[in-house]
2 protein chains.
Amino acid sequence: MASSTEENYLKVLFNLTQEKTEVPISELATHLGVSMPTVNSMIKNMQKNDWVIYEKYKPVTLTEIGKKTAALIVRKHRLTEMFLVNKMGFGWEEVHEIAEQIEHIHAKKFFERMDEMLGFPTVDPHGSPIPDKQGRIQELHYKNLSLAQAGNQVILSALADSSSDFLEFLNSRELKLGMELKILSREPYDSSMTVSYGDRKSETLSEKVCEKLLVRLVE
Amino acid sequence: MASSTEENYLKVLFNLTQEKTEVPISELATHLGVSMPTVNSMIKNMQKNDWVIYEKYKPVTLTEIGKKTAALIVRKHRLTEMFLVNKMGFGWEEVHEIAEQIEHIHAKKFFERMDEMLGFPTVDPHGSPIPDKQGRIQELHYKNLSLAQAGNQVILSALADSSSDFLEFLNSRELKLGMELKILSREPYDSSMTVSYGDRKSETLSEKVCEKLLVRLVE
DNA sequence: GTATAAAGTTAGAGGAATCTAACAAATAAA
DNA sequence: TTTATTTGTTAGATTCCTCTAACTTTATAC
């Protein structure tokens, strides 16, 4: 069984391999906040446990077992976030840190009970998919808000950034998942967008913000 | 700040010093499931951190700081047990293992929210007192059922043993905290007691069981 | 009150996870 | 294509928590 440390390595690998499949040692080091030699030696151990594929000077890949193990940790993390928000009244900007710790609890029953109480949710409070008990993750094909056209109606469905800074920004604009946004215009110069939603008639969102908002089009 | 390991040492010391104030190394070793040399060296470290008082060949005592630190860990443990039972529907026999892990979470907010949701409880599901935020613990002066007299009416208020074996035994007899028991008789030969409670007209409880049941007399 | 047993200590070692310093390989720039 | 930069590796050390083996002190029994 993976130690807490190994679980963190697996989780970071899982998150980074959602885009590309291979992850360089340096990237792991920065995301984990440890030195490259530390990652190097840790990855060698994890290779022995058949969690990763690794060759000298090459980037790291997860094995199938590694992927599943990682997905089950992410499952615990996201279920926990959902529980903290929906059952304990935390804000979506507060739950990441707490879930980082609870995800390492070894008590199946605990997470199964959460799952049940939540009605078997498929996404977390930031719209990220919750892997199922087999570690399978459904691909959500949302679109970047920055790619939408003036005149489109979209539903804010997920976030590409769950940092508390960004979440607090969204709070300040009363932006929540599930909201319908109307794209009023798009400024060609800086790619900012002016949108309306809820009670807000006209809000301008920078390109940086739009790129972090994942939406689906309303037909 | 205490590591998880140190937290476990503190917690065991706290529990063992509820009876007597001094704890021999050997006792710590058995309760923690580690060897005596391990305890010996760990206790030396903890002494440096001013959590325990220790002299060669002498038993260990908690300092005031140690007591408070320990009480706050016990607080997290007992709040968690209460949460698991009252808010998540677990049985009182299932919660100890889970709480053993959750007690090491460093997220004040998380436990404060539990406390709030539970309405600031003062005892856990086994009747043990929950230390307050300052680490103060109220002395509950319950009596051992084995000391009660035939004819007494008592309220089952706490348990001197929270092992799952014992809890499952109590489940099988439908014994729950808060129940009123009538002591019908006491067998002088083996100190067993015959009692009635709830729908049960006559149940015989061995001395061993009676010693683990803490009650208060109904005036 | 000595002898035996139990409890406690010291010494030395090992695994996990981390670091820094020094070196090697791969990649990018000139 | 040689040079410089970035990335990755090796070696060696450190801290935390643990062990076993050997020894010492304290407590118990006769």
Side-chain angles (χ1 to χ4, degrees), chain A residues 1-14 16-17 19-62 66 69-70 73 100-101 103-106, chain B residues 1-14 16-17 19-62 66 69-70 73 100-101 103-106:
Chain A
M1 206 179 48
S3 66
S4 284
T5 312
E6 288 166 328
E7 289 193 347
N8 281 331
Y9 280 68
L10 284 171
K11 193 186 49 169
V12 169
L13 272 165
F14 182 90
L16 295 175
T17 51
E19 301 296 296
K20 47 187 161 59
T21 52
E22 298 185 315
V23 183
I25 299 280
S26 53
E27 209 171 327
L28 280 171
T30 37
H31 281 85
L32 287 159
V34 298
S35 69
M36 288 209 302
T38 301
V39 174
N40 183 270
S41 81
M42 202 67 192
I43 287 295
K44 285 178 183 168
N45 293 337
M46 293 177 70
Q47 190 189 21
K48 283 179 203 143
N49 290 308
D50 203 28
W51 286 322
V52 296
I53 297 161
Y54 168 67
E55 277 178 88
K56 257 196 185 183
Y57 298 108
K58 297 270 164 65
V60 182
T61 321
L62 280 171
T69 309
I73 298 156
E100 285 280 307
Q101 300 181 58
E103 71 193 5
H104 300 297
I105 301 286
H106 297 299
Chain B
M1 205 180 50
S3 66
S4 284
T5 312
E6 289 166 328
E7 289 193 347
N8 281 331
Y9 279 69
L10 285 171
K11 193 186 50 170
V12 169
L13 272 165
F14 182 90
L16 295 175
T17 50
E19 301 295 298
K20 45 186 162 57
T21 52
E22 297 185 319
V23 183
I25 300 280
S26 53
E27 208 171 327
L28 280 171
T30 37
H31 280 85
L32 287 159
V34 298
S35 68
M36 289 210 301
T38 300
V39 174
N40 183 269
S41 80
M42 201 69 192
I43 288 296
K44 284 177 183 169
N45 293 337
M46 293 176 70
Q47 189 190 21
K48 282 179 204 144
N49 289 309
D50 203 28
W51 286 323
V52 296
I53 297 161
Y54 166 69
E55 277 179 88
K56 256 196 188 186
Y57 299 107
K58 296 270 164 66
V60 183
T61 321
L62 279 171
T69 310
I73 298 155
E100 286 280 309
Q101 300 181 56
E103 72 193 4
H104 301 296
I105 300 285
H106 297 299

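Any value given below was found using the heavy atoms of this structure, including those in side chains, with hydrogens, waters and symmetry copies removed. By convention in this document, chain letters (A, B, ...) are assigned in the order of the sequence lines, proteins followed by strands, and residues within each chain are numbered from 1.
- Spacing between atom CD of A/Glu55 and atom P of D/dG8 amounts to 14 Å, rounded to whole angstrom units.
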**Message:** With side chain to side chain contact (heavy atoms under 4.5 Å, CB included) as the criterion, how do B/Tyr54 and B/Asn40 come out once you've worked through the C-alpha distance, each side chain's angles and the decisive distance to 0.1 Å?
**Reply:** CA-CA 10 Å; B/Tyr54 166 69; B/Asn40 183 269; 3.2 Å; yes

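- Between A/Tyr9 and A/Val39, some side-chain heavy-atom pair lies under the 4.5 Å cut-off.
- Within the 4.5 Å cutoff, side-chain heavy atoms of A/His104 are placed close to those of A/Asn8.
- In this structure, NE2 of A/His104 is placed 16 Å from C1' of C/dA16, rounded to the nearest angstrom.
- Atom-to-atom, NZ of B/Lys44 to P of C/dT9 comes out at 7 Å; the value is rounded to the nearest Å.
- Proximity of B/Leu28 to B/Ile43: side-chain heavy atoms (C-beta onward) are separated by under 4.5 Å at one or more points.
- Sorted by first and then second residue, the pairs that involve residues 26-39 of chain B and meet side-chain hydrogen bond (donor to acceptor under 3.5 Å, both in side chains), not counting sequence neighbours, are B/Lys20-B/Glu27, B/Ser35-B/Thr38.
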**Prompt:** Just by protein heavy atoms under 4.0 Å, how would nucleotides 14-26 of chain D read 5' to 3' in B, S and -?
**Reply:** ---SBBBB---SS

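- In this structure, CG of A/Leu32 is placed 8 Å from P of C/dT18, rounded to the nearest angstrom.
- A/Ile25 has its CD1 atom 14 Å from the P atom of C/dA26, to the nearest Å.
- Proximity of A/Met46 to A/Leu10: side-chain heavy atoms (C-beta onward) are separated by under 4.5 Å at one or more points.
- Rounded to an integer number of Å, the gap from OH of B/Tyr54 to C1' of C/dA7 is 11 Å.
- In terms of phosphate contacts, B/Asn40 brings a side-chain nitrogen or oxygen within less than 4.0 Å of OP1 or OP2 of C/dT9.
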